[in-house]
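Numbers for residues simply follow the sequence, beginning at 1. Just so you know, these numbers use all the heavy atoms, side chains as well, and skip hydrogens, waters and symmetry mates.
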Amino acid sequence: MAVEPDDGYLRNPDGQKKLVYSVVDQAIKDGVYVLIDWHDHNAERNLEQSMGFFTEMAKKYSGVPMLFMKYGMNPPLSHGWLLKLTQMN
């Protein structure tokens with residue numbers, strides 16, 4: 001998912017979530033694995049927004065075994081909350 005471009009999540013969260021829902025829902029319907037990627041070159045500046053986004057995705061898609069979530073370009077291992085979110089099922 002785009003985060004910082006003009007039409008990205010930071011400026012258009014509802015539009016970006018709609019795109020994510022569309023792709024994820026179709027992947028689930030087709031029975032294929034899907035990755036939600038918070039594609040952000042400045043991920044450390046947008047932790048609050050990404051935590052809110054991933055919390056919402058984890059709640060919406062709880063129990064979906066073929067869904068993976070990825071934070072940032074090279075996520076630091078120190079963000080324990082992300083590990084907890086990706087293990088929710």
Check whether any side-chain heavy atom of [X] sits under 4.5 Å from a side-chain heavy atom of [Y], and report yes or no.
{"X": "Leu10", "Y": "Gln49", "result": "yes"}
{"X": "Val24", "Y": "Ile28", "result": "yes"}
{"X": "Phe53", "Y": "Met1", "result": "yes"}

Checklist line | ILVMFWY network linking Val34 to Leu19, side-chain heavy atoms under 4.5 angstrom | finding: no
Note to self: Side-chain heavy atoms nearer than 4.5 Å, only ILVMFWY residues, links allowed to pass through others: does that put Val32 and Ile36 together?
What the structure shows: no
Note to self: Could you report the tightest heavy-atom contact between Trp38 and Ser50, atom names first, then the distance?
What the structure shows: CE2-CB, 3.4 Å
Item checked: Heavy-atom pair of closest approach, residues Asn12 and Gly15 -> OD1-N, 3.1 Å
Item checked: With sequence neighbours excluded, residues passing side-chain contact (heavy atoms from CB on, under 4.5 Å) with Glu56 -> Lys17, Tyr21
Next item on the list: Check side-chain contact (heavy atoms from CB on, under 4.5 Å) between Arg45 and all other residues, then give those that pass, not counting sequence neighbours.
Entry: Glu4, Asn42
Restricting to side chain to side chain donor-acceptor pair (under 3.5 Å), what partner residues turn up for [X], sequence neighbours left out?
{"X": "Asp7", "answer": "none"}
{"X": "Asp30", "answer": "Gln26"}
{"X": "Asp25", "answer": "Tyr61"}

Checklist line | Met51 backbone acceptor or donor facing Thr55 side chain under 3.5 Å | finding: yes
